[in-house]
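Down below is the structure, laid out as structure tokens.
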4 protein chains.
Amino acid sequence: MVVGKVSRSVSALTASEGKARRSIGARRNPASAEAILEAAEAVLQEDGYSGFSIEAVARRARAGKPTIYRWWPSKAALLIDVYQRQKHIDYPDTGDLERDLAGFLTGLLAHWRDTPSGAIFRSIVAEAQSDEAAAEALAAYAASRRVEQGKITERAKTRGEVADDVDPLQVADMVSSYAWVRLLTGRLDEDEAKIRAAVRIIVHGIKT
Amino acid sequence: MVVGKVSRSVSALTASEGKARRSIGARRNPASAEAILEAAEAVLQEDGYSGFSIEAVARRARAGKPTIYRWWPSKAALLIDVYQRQKHIDYPDTGDLERDLAGFLTGLLAHWRDTPSGAIFRSIVAEAQSDEAAAEALAAYAASRRVEQGKITERAKTRGEVADDVDPLQVADMVSSYAWVRLLTGRLDEDEAKIRAAVRIIVHGIKT
Amino acid sequence: MVVGKVSRSVSALTASEGKARRSIGARRNPASAEAILEAAEAVLQEDGYSGFSIEAVARRARAGKPTIYRWWPSKAALLIDVYQRQKHIDYPDTGDLERDLAGFLTGLLAHWRDTPSGAIFRSIVAEAQSDEAAAEALAAYAASRRVEQGKITERAKTRGEVADDVDPLQVADMVSSYAWVRLLTGRLDEDEAKIRAAVRIIVHGIKT
Amino acid sequence: MVVGKVSRSVSALTASEGKARRSIGARRNPASAEAILEAAEAVLQEDGYSGFSIEAVARRARAGKPTIYRWWPSKAALLIDVYQRQKHIDYPDTGDLERDLAGFLTGLLAHWRDTPSGAIFRSIVAEAQSDEAAAEALAAYAASRRVEQGKITERAKTRGEVADDVDPLQVADMVSSYAWVRLLTGRLDEDEAKIRAAVRIIVHGIKT
DNA sequence: GGGTAATCGAGACGGTACGTCGTGTCTTTCC
DNA sequence: GGAAAGACACGACGTACCGTCTCGATTACCC
């Protein structure tokens with residue numbers, strides 16, 4: 001059983017229309033926003049984080065730099081938007097905590113490994129180390145993800161699988177951290193048995 | 001009881017000599033190397049990773065840029081050297097696993113919070129996301145630290161506190177990851193109770 | 001005795017109405033035109049030619065940029081309109097050529113120095129160096145002014161003060177040029193004795 | 001008889017070397033300076049003042065913008081250098097004041113008309129209307145030219161052709177102004193007879 | 001007297017240029 | 001041959017204007 005799947009529609013047309021987009025009046029042009037996000041994604045995928053610049057995105061999107069700065073105050077904000085467009089992680093709900101956490105973890109690592117998401121998220125974390133705005137955005141995002149992922153343990157707690165004094169957010173934190181560090185140190189292709197072992201340790205550690 | 005202490009010799013004189021260093025002939029000038037490393041550390045501490053540039057280090061060290069590039073092929077290499085000059089933290093050995101792990105974790109977070117090490121290590125992680133050399137250096141460093149830290153659990157295993165099928169390196173990985181993510185998301189001032197709770201979960205999860 | 005005085009009606013109200021002007025139907029709104037011209041004049045006076053941009057004028061006039069572009073095809077056109085709103089100086093007629101020319105010259109320089117006219121005229125000359133329309137407008141304006149100013153010498157010629165072969169337009173040209181260059185090189189605060197000396201040279205040069 | 005002719009050597013090679021120039025150590029590279037000045041001249045000639053930008057010059061010279069800004073603090077400074085490279089006006093010395101002044105004037109106007117100098121000088125004057133630095137540079141330049149040109153009248157004064165109370169600088173000012181305004185209003189193709197008439201007026205006005 | 005048409009403020013759009021900063025390479029001069 | 005010094009080509013930064021556009025609201029004019 002899967003909850004929370006969010007897909008996105010890719011309109012790959014916009015990027016190579018040939019003709020320039022125009023203003024549609026005194027309001028944001030969604031076509032421009034779309035083109036910019038797609039260009040950003042493409043630049044990241046092709047040139048990596050080191051080649052990712054506002055200029056490069058603007059060039060590729062055939063957009064003016066001010067148009068980007070108007071809507072995304074920093075490189076990080078753009079990165080996060082790109083990441084959000086990509087991401088659709090499943091939060092499993094099988095009725096078994098260990099299975100749920102292991103499913104989440106393997107799903108997340110596979111998602112990072114098999115889509116551009118991993119590279120993008122690495123970029124965001126890197127950016128957050130030098131840009132205060134990025135750090136805040138990342139912190140907010142991470143917190144919201146912890147809440148979401150914490151629900152897995154919360155459900156198990158409701159089922160009586162987990163000790164009363166356990167904080168689901170803390171569990172989410174531990175599980176996420178394990179995934180983050182794997183991403184940041186290039187160890188996404190972790191043996192699934194190891195992942196299960198790690199999850200088992202935590203689940204054993206918190207059960208009633 | 002304390003193991004693995006590494007100290008460094010601080011020659012704080014070099015940074016503000018006033019007069020420029022000169023060549024000492026056809027060989028590397030240690031005073032320059034020292035001045036550069038100290039300047040790098042100071043820049044990182046004062047301006048953070050965002051202000052850390054080869055130019056800034058050269059300015060502060062009163063060194064020529066080529067002198068830096070001659071000895072450190074990339075920003076990452078310099079960062080790693082700077083980090084290795086730092087005093088490392090202690091790995092406690094009290095005879096009690098939970099106490100050891102909690103001591104290690106609080107010590108590490110405090111070390112990152114109270115010395116330049118935190119800013120430096122954040123920078124290395126950030127750099128490693130786009131620089132291959134930094135990534136390799138970071139991976140090697142992290143692996144060696146896992147081995148070192150794994151000894152804590154290894155000892156507990158020898159004492160029979162821990163189940164046979166537990167991989168001490170995996171435990172080290174989980175504990176370190178928890179610390180890393182806190183560093184990278186600016187949550188070093190974590191409540192000590194929370195840290196103990198996290199450690200307790202893991203220790204409960206792996207005990208015989 | 002004074003000839004050729006042109007006044008303008010200042011409706012200083014429009015500039016700071018607070019509330020935005022609206023369309024008054026399918027025809028030009030004179031209040032907007034007025035507000036734009038006044039804003040342009042104010043911007044020129046306060047920030048000079050370098051701060052004079054369509055954006056700045058629109059902001060100050062609380063007008064839309066298209067409203068400006070609709071009625072003034074170029075910055076130059078707006079500048080010219082602004083200049084023409086200015087009060088023009090008097091052409092003296094005392095019955096004495098030297099007195100008339102000196103009066104004209106000191107009056108013109110004082111006018112440029114003490115009113116926005118100087119800044120505006122400088123701007124037009126500058127604009128005319130790269131804008132063809134401005135160049136034409138400036139040429140036409142300058143020619144008409146030469147005719148007007150030539151009448152001073154013309155009258156003296158009628159009185160027999162001036163040699164027959166003297167072209168009054170040429171005299172006007174020489175006198176005006178002297179003033180222009182002073183404006184353009186920031187030498188409006190010229191010693192009056194010097195002005196009189198220059199006029200005397202010309203008057204001596206053309207007298208019967 | 002002609003005095004003060006200054007020629008320049010054009011090394012048109014530099015502009016299209018194909019390969020980029022490199023630094024020649026910690027000092028100014030004359031090849032870069034040369035390439036920049038030539039590119040500036042070419043841009044001015046081909047695109048006019050409105051197309052003249054530091055960016056365009058840098059592009060054309062295959063130079064970095066900082067290299068230009070390092071040596072020329074403003075657009076005006078660059079323009080003036082370009083103008084100085086171009087200019088080689090004769091200050092005639094025939095022993096006859098009227099002939100000298102007429103020769104100077106026709107020479108100057110012809111020079112402005114037949115070489116890029118005219119366009120360049122117009123640009124400088126325009127620039128000086130919005131840029132304070134340009135204004136100062138132009139004022140200094142104009143003053144030095146007045147001194148130079150004043151020597152023509154000075155010599156005539158020594159010869160006793162000119163009244164004692166006449167200021168040669170003022171005469172130079174009047175003559176130059178006449179030329180400037182012709183340049184700025186696009187009237188360089190003035191009838192030579194008119195020029196002579198203007199000069200005659202002044203010479204008559206100042207003679208003993 | 002209801003539709004049409006032109007006007008208004010507003011502001012987004014794709015661009016270009018600004019002036020500054022950092023990169024990594026180079027050369028000279030001094031030791 | 002190492003080191004300080006700093007110029008060089010390059011390119012990204014974030015901002016200001018450019019001139020064009022589309023909007024929604026607001027009348028005046030014409031059928």
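Throughout, protein chains are lettered first and strands after them, A, B, ... in sequence-line order, and every chain is numbered starting at 1.
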Are any of D/Thr67's side-chain N or O atoms less than 4.0 Å away from OP1 or OP2 of F/dA7?
no

Roughly how many Å is it from CG in D/Asn29 to C1' in E/dT25, rounded to a whole number?
14 Å

Where do D/Ile80 and D/Ile120 land on the side-chain contact (heavy atoms from CB on, under 4.5 Å) test, with the steps shown first?
CA-CA 8 Å; D/Ile80 287 176; D/Ile120 298 170; over 6 Å; no

Nearest-Å distance for atom pair CD1/P, residues C/Ile68 and E/dG11:
15 Å

Which residue lies toward the 5' end of DNA chain E, B/Ala56 or A/Ile36, if each is placed at its nearest nucleotide?
A/Ile36

In this structure, how many angstroms lie between the P atom of E/dG24 and the CG atom of B/Leu78, rounded?
11 Å

Classify the side chain of C/Lys65 and the base of E/dG9 as holding, or not holding, a donor-acceptor pair under 3.5 Å.
no

What integer distance in Å separates C/Arg70:CZ from E/dA5:P?
16 Å

When you check every protein heavy atom under 4.0 Å of nucleotides 22-31 of chain F, what one-letter string (B, S, -) results, 5' to 3'?
BS--BBS---

Test side-chain contact (heavy atoms from CB on, under 4.5 Å) on B/Trp72 and B/Ile36; report intermediate values, then the result.
CA-CA 10 Å; B/Trp72 294 274; B/Ile36 288 164; 3.6 Å; yes

Verify, without hydrogens or angle tests, whether A/Arg21 (side chain) and A/Arg62 (backbone) share a donor-acceptor contact under 3.5 angstrom.
yes

Walking DNA chain E from its 5' end, the first of A/Gly64 and C/Pro30 to be reached, judged by nearest nucleotide, is C/Pro30

Please assess C/Arg85 against C/Glu34 for the test side-chain contact (heavy atoms from CB on, under 4.5 Å), listing each intermediate value before the final yes or no.
CA-CA 10 Å; C/Arg85 271 164 48 97; C/Glu34 185 67 15; 2.9 Å; yes

Tell me whether the OP1 or OP2 atom of F/dA4 has a side-chain N or O from B/Ser32 closer than 4.0 Å.
yes

Run through D/Glu46, D/Glu41, D/Glu38 and flag the one making a salt bridge (Lys or Arg N to Asp or Glu O under 4.0 Å) with D/Arg60.
D/Glu46

For the pair made of CH2 in D/Trp72 and C1' in E/dT20, what is the distance, rounded to whole Å?
18 Å

Between B/Tyr49 and A/Ser130, the two heavy atoms sitting closest are CD2-CB, 3.6 Å

Full working for side-chain contact (heavy atoms from CB on, under 4.5 Å) between C/Leu79 and C/Leu44
CA-CA 9 Å; C/Leu79 279 170; C/Leu44 268 174; 3.5 Å; yes

Using 30° and 60° as the class limits, which term best fits the ring planes of A/Tyr83 and A/Tyr141: parallel, tilted or perpendicular?
perpendicular

On the nucleotide F/dC17, are OP1 or OP2 found under 4.0 Å from the side-chain N or O atoms that C/Arg59 carries?
yes

OP1 or OP2 of E/dC8 less than 4.0 angstrom from a side-chain nitrogen or oxygen of C/Arg62, does that happen here?
no

What is the separation between atom CD on A/Glu55 and atom C1' on E/dC21, rounded to the nearest whole Å?
13 Å

Looking only at side-chain atoms of A/Tyr69, point me to the closest of E/dC18, F/dC13, F/dT20.
F/dC13

If you compare every side-chain N and O of A/Arg21 against the phosphate oxygens of E/dG14 (OP1, OP2), does one of them come in below 4.0 Å?
yes

B/Asp47 CG to E/dC21 P, in whole Å, measures 14 Å

Start at the 5' end of DNA chain F and walk down; is the nucleotide closest to A/Lys75 or to C/Gly51 reached first?
A/Lys75

Between B/Trp71 and F/dA3, is there a contact of a side-chain N or O with OP1 or OP2 at under 4.0 Å?
yes

Gap between atoms CD1 and C1', on C/Ile54 and F/dT20 respectively (whole Å):
13 Å

